[in-house]
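Below you'll find the structure, written out as structure tokens, and then a few comments.
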Protein chains: 2
Amino acid sequence: MSTIRDVAEVARVSKATVSRYLNGTLALPPDTAERIDAAILALNYRQNSLALRLSLGSSETIGLAMPDVANPFFAEIADEVELAASERGYGLSLCITRNQFDRESLYVGWLDTQHLDGLILVSNRPDDGSLRALIGQRRNIVIIDEDVPGAEVPKVLVDNVQGGYLATQHLIQAGHRRIAHVSGRPRGLFTVQERCEGYRRALAQAGIAFDEALVCFGSYEREFGATALAGLLALPSPPTAIFAASDYLAVGMLEALRDRAVNVPRDMSIVGFDDMEFASLLMPPISTMRQSARDLGRTDVDMRKSIDALSYLVEPLLAQNPRLGQPVRVCRPRPHKGEVSVLGSHRVRSGTRGSNRGISHHPHRSHSAGLHSRNLTLGLKGMELPAREPHRTIAVARVS
Amino acid sequence: MSTIRDVAEVARVSKATVSRYLNGTLALPPDTAERIDAAILALNYRQNSLALRLSLGSSETIGLAMPDVANPFFAEIADEVELAASERGYGLSLCITRNQFDRESLYVGWLDTQHLDGLILVSNRPDDGSLRALIGQRRNIVIIDEDVPGAEVPKVLVDNVQGGYLATQHLIQAGHRRIAHVSGRPRGLFTVQERCEGYRRALAQAGIAFDEALVCFGSYEREFGATALAGLLALPSPPTAIFAASDYLAVGMLEALRDRAVNVPRDMSIVGFDDMEFASLLMPPISTMRQSARDLGRTDVDMRKSIDALSYLVEPLLAQNPRLGQPVRVCRPRPHKGEVSVLGSHRVRSGTRGSNRGISHHPHRSHSAGLHSRNLTLGLKGMELPAREPHRTIAVARVS
DNA sequence: CTGAAAGCGCTAACAT
DNA sequence: ATGTTAGCGCTTTCAG
């Protein structure tokens, strides 16, 4: 490979001139410009990005650290983040933590070694303070999906309480009184806690007593769905509906129910959580709380564009758009097809996803092919996020 | 952040000494070593990876270019590749091409700019020669999943002919005579061509005439599954079974069949292709040809370890293991749970995936919850891949 | 054993 | 408008 020096020699100018010309910081007389262009072409010159980055002191790369990318929920986030990053000329380093602290630690360390300019962190463990300490005062981390309490960085989290509330309410409105809740572990996980809190609120509002026997905490995985289900069915008075805190859980339950020849939704109603894209591929499709992985991914990178907390990463972008320090709307997602996006307020309407014409609010009634499916769509809630307040939380809640 | 220079000053030695000590190329007297250690600790020194990489002329990063990572099939590959890369100390740059040539081109270019040391390329377009030309003589690319004809680089491809053959044979053995085939587009895509070829072979072998009306090429996507199905059902003499060239296609068909209240598998049998992890979550679970995304990912990075075609990437690894130029077995995957892995030969046995006890070979008979499910497992075929023959193809074929 | 110095390829003052 | 020079932080000859 040829270097800028070769180009300079061939074009009979200095390295600096070539460099400035290439970066557009200089208007050259046509003849010199042409000589340089010709040299570049002749030598098939390409900027060495390593040297560039060393010189600039920035890797032009952001990291996305998540427990697992084979899980469709995370994969969707990754897809969206990659898009946002590449649109801005950033590379994306994929960092799979497999839920281990030492791996999270490794990747956070990459921020110091210039390996990464910024890090999008999806942790899925309850933090004992180590991760928070590790994050420390860093200004180039964004936390999404699961909170790391105490960490003073921008966060993009889902309104899990609201989600749990709506899911449960959905079942109550369908006539259920005995509603179980199956969720992850440990209970200390914010997503677990909050979804459960929403569940309790909905019950309370409907005057249904909370029954400890009807809630199980184990994991968000499929396997636990089956286990939990067995336990619930063995109760003296089993539930008629279940709010599962993840779609994977719901799937595990569906499998177990199928094995026991229990008809869904006739004999058991289920609401999931996550709205992974494949949820609608299930037969029967289950209701699920939508927390859009794509919005989590997208919103997050929008933040980078506007918050000076991420100044390290954002400086080059701000340079082009010097409204520095002004409050900016950070969460302005386009509405998805068939949805109404309501900024700043919640509004519920019936959705259009899937083949759910002839929607029935009663789970014991079903349409066309004997399936139960009802969608709610809750608009995104956008918030003004003033500069200099990097650790406020953006709630993105959706239901479908 | 402190630099090696700071460390040197505090430890009262030269930069060079620190550098060599850190790289283990030097044994130091205990006292000097201690001084350096202390300085590193005190200053919280970390190697700047940008500088390191510029100096070394290698980015210690490989790229994974794929059309889409939200698709579970690709996501599984990504997961596996990340694991392999991180185990070897490489970073992984995720490059989503969205099936556009200019994006593929961009990422291939990163090999020249030192941005990437190696590239794992998953293209999903039929190549008109541009991509092949772009790849040219580069020695640090590996192609997986879909062939780029003419490109002389290592490839990890599935034996699609065999896959199509087995899928079709499965249906024939179940008693079907009118079997449709629905696949992607354009027909020029190798995966499309080969799977169809396998389909034809199986038909021929069973003495069933090939009927043009029963094959549809459109796309691997779900939507086309529904479209194609409508066409097939409208035929004067519709098929009783379908071999779908992707699981997404099969899912689209299942949905369409459900809408028409056609019972699967009683009135229509379907075999898919890919064995995405979520395939078994479908209800009813469909039979599917297993081409293990994970094996594609894993095998590939194993190749990097042993083939000198990838010398650029592999040199640091070979340095530790100087059996340079020796033939190495590159494809030695561990058998999955419940499977028999047969190197160098094919063997069929009944599998153990899912809840398929009481397997029925007849699609019109079904077990427990009224579902049709039959699994075949074909062992991996491993090949000796001699050094200096980087562009031989490894066939990984599995069925389940 | 250890240090001085050159160099990786580029950018960015500072000159001219 | 262009050249000169000094770094960016590290590794690696080459000397001592």
Side-chain angles (χ1 to χ4, degrees), chain A residues 1-37 39-40 43-61 109-117 312 315-316 319, chain B residues 1-36 39-40 43-60 109-117 312 315-316 319:
Chain A
M1 284 304 297
S2 47
T3 74
I4 198 175
R5 187 199 162 114
D6 303 325
V7 174
E9 272 176 17
V10 171
R12 300 193 311 279
V13 291
S14 75
K15 283 173 16 176
T17 303
V18 178
S19 169
R20 281 178 294 214
Y21 174 58
L22 254 38
N23 298 318
T25 49
L26 178 62
L28 283 183
D31 56 327
T32 2
E34 262 171 39
R35 283 210 314 282
I36 295 180
D37 286 337
I40 287 177
L43 295 166
N44 188 27
Y45 166 76
R46 323 283 272 284
Q47 251 179 340
N48 179 319
S49 71
L50 253 29
L52 177 75
R53 287 142 75 155
L54 174 60
S55 215
L56 258 33
S58 137
S59 62
E60 312 254 84
T61 298
W110 282 4
L111 291 169
D112 300 329
T113 64
Q114 308 272 61
H115 195 124
L116 298 178
D117 285 349
Y312 200 172
E315 253 153 23
Chain B
M1 285 303 297
S2 48
T3 74
I4 198 175
R5 187 201 163 112
D6 303 325
V7 174
E9 273 176 16
V10 172
R12 299 193 310 281
V13 291
S14 75
K15 285 173 15 178
T17 304
V18 178
S19 169
R20 281 178 292 212
Y21 173 59
L22 255 38
N23 299 317
T25 50
L26 179 59
L28 283 183
D31 55 327
T32 354
E34 263 172 38
R35 283 209 315 280
I36 295 181
I40 288 177
L43 295 166
N44 186 28
Y45 166 76
R46 325 282 271 289
Q47 251 182 340
N48 179 319
S49 71
L50 253 29
L52 177 75
R53 287 142 76 156
L54 173 61
S55 217
L56 259 33
S58 138
S59 62
E60 311 255 86
W110 283 3
L111 291 169
D112 299 328
T113 64
Q114 307 271 63
H115 194 124
L116 297 178
D117 284 349
Y312 200 170
E315 253 152 23

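Lettering of chains follows the sequences in order, A, B, ..., and the numbering in each one begins at 1. All heavy atoms count here, side chains included; hydrogens, waters and symmetry mates do not.
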Where the side chain of [X] meets the backbone of [Y], is there a donor-acceptor pair that is under 3.5 Å apart?
X: A:Ser55; Y: A:Leu52; result: no
X: A:Asp117; Y: A:Ser58; result: no
X: B:Ser59; Y: B:His115; result: yes

| task | Check every strand shown and say whether A:Leu50 touches a base, only sugar-phosphate, or nothing at a heavy-atom separation below 4.0 Å. | result | nothing
Distance below 4.0 Å between [X] side-chain N/O and [N] OP1 or OP2:
X: A:Tyr21; N: C:dC10; value: no
X: A:Asn48; N: C:dC8; value: no
X: B:Gln114; N: C:dC8; value: no

| query | In what stems does DNA chain D take part, counting only runs of at least 3 consecutive Watson-Crick or G-U pairs whose two distances fall under 3.5 Å? | reply | C:1-16 with D:1-16
| note | Counted 5' to 3', the first and last nucleotides of DNA chain D within 4.0 Å (strictly under) of a heavy-atom of chain A are D:dA1 to D:dC8
What is the distance from [atom1] of [X] to [atom2] of [N], rounded to the nearest Å?
X: A:Asn23; N: C:dG9; atom1: CG; atom2: P; value: 17 Å
X: B:Asp31; N: C:dT2; atom1: CG; atom2: C1'; value: 13 Å
X: A:Asp6; N: C:dG7; atom1: CG; atom2: C1'; value: 15 Å

| remark: With B:Val18 as partner, the option from B:Thr32, B:Leu28, B:Ile36 fulfilling side chain to side chain contact (heavy atoms under 4.5 Å, CB included) is B:Ile36
| Pairs where residues 2-27 of chain A contributes a residue and the test salt bridge (Lys or Arg N to Asp or Glu O under 4.0 Å) is met, not counting sequence neighbours | A:Arg5-A:Glu9
| request: Provide the closest heavy-atom pair for B:Gln114 versus A:Ser49 in the form atom of the first, atom of the second, distance. | output: C-OG, 4.1 Å
Please list, pair by pair, any protein nitrogen or oxygen found under 3.5 Å from a nitrogen or oxygen in nucleotides 13-16 of chain C.
unit_1 : atom_1 : unit_2  : atom_2 : d
C:dA13 : N6     : A:Arg20 : NH1    : 3.4

| Quick one: side chain to side chain contact (heavy atoms under 4.5 Å, CB included) partners of A:Pro30, sequence neighbours excluded? | none
| Any B:Tyr45 side-chain heavy atom under 4.5 Å of B:Leu22 side chain | yes
| query | Where do A:Arg53 and A:Thr61 land on the side chain to side chain contact (heavy atoms under 4.5 Å, CB included) test, with the steps shown first? | reply | CA-CA 10 Å; A:Arg53 287 142 75 155; A:Thr61 298; 3.3 Å; yes
| message | Measuring from atom CD1 of B:Ile40 to atom OG of B:Ser2, what distance do you get when rounded to the nearest 0.5 angstrom? | response | 9.0 Å
| task | Find which nucleotide of DNA chain C each of B:Thr17 and B:Leu54 is nearest to by heavy atoms, and output the residue with the more 5' nucleotide. | result | B:Thr17
| task | Could you pick out which residue, B:Val13 or A:Leu52, lies toward the 5' side of DNA chain C when each is mapped onto its nearest nucleotide? | result | B:Val13
| B:Arg46: partners by salt bridge (Lys or Arg N to Asp or Glu O under 4.0 Å), with sequence neighbours left out | A:Asp112
